[in-house]
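Note that these values count all heavy atoms, side chains included, but never hydrogens, waters or copies made by symmetry.
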Amino acid sequence: MTAKTITIREDIYKMLLSIKGSNESFSNFFERLVKSRRNIDKLKELRGSVEFRNKEALLKELSDKRKEIRY
């Protein structure tokens, strides 16, 4: 499994930290968010707050993960 680094503002990090489970990794937290349709609105609120270094690679990885989950 590869790891990706994203850059977020400090205020956004604190927001995410406040809603993430105390024993939950950020990877598991984001996975939980993207699997739930109702959390998509929360992610849309954060749009523009995150800087992706390689957006195309991230989108491909998300697409691949969605395909894995569906099958």
Out of curiosity, Leu62 CG to Glu31 CD, how far, rounded to the nearest 0.5 Å?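 So the gap between those two atoms works out to 11.0 Å.
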I need the Arg32 CZ to Phe30 CZ distance, nearest 0.5 Å.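 Reported to 0.5 Å precision, the distance equals 10.5 Å.
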Please list, chain by chain and in numerical order, all residues satisfying side-chain hydrogen bond (donor to acceptor under 3.5 Å, both in side chains) with Glu61, sequence neighbours excluded.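 Residues passing side-chain hydrogen bond (donor to acceptor under 3.5 Å, both in side chains) with Glu61: none at all.
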Residues two or more places apart in sequence or in another chain: which of them pass side chain to side chain contact (heavy atoms under 4.5 Å, CB included) with Leu17?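 So Leu17 forms a side chain to side chain contact (heavy atoms under 4.5 Å, CB included) with Tyr13, Lys20, Phe26.
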Can you sort out the partners of Ser25 under side chain to side chain contact (heavy atoms under 4.5 Å, CB included), two or more places apart, ordered by chain and number?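 Testing Ser25 for side chain to side chain contact (heavy atoms under 4.5 Å, CB included), a comparison that skips the adjacent residues, returns Ser27, Asn28.
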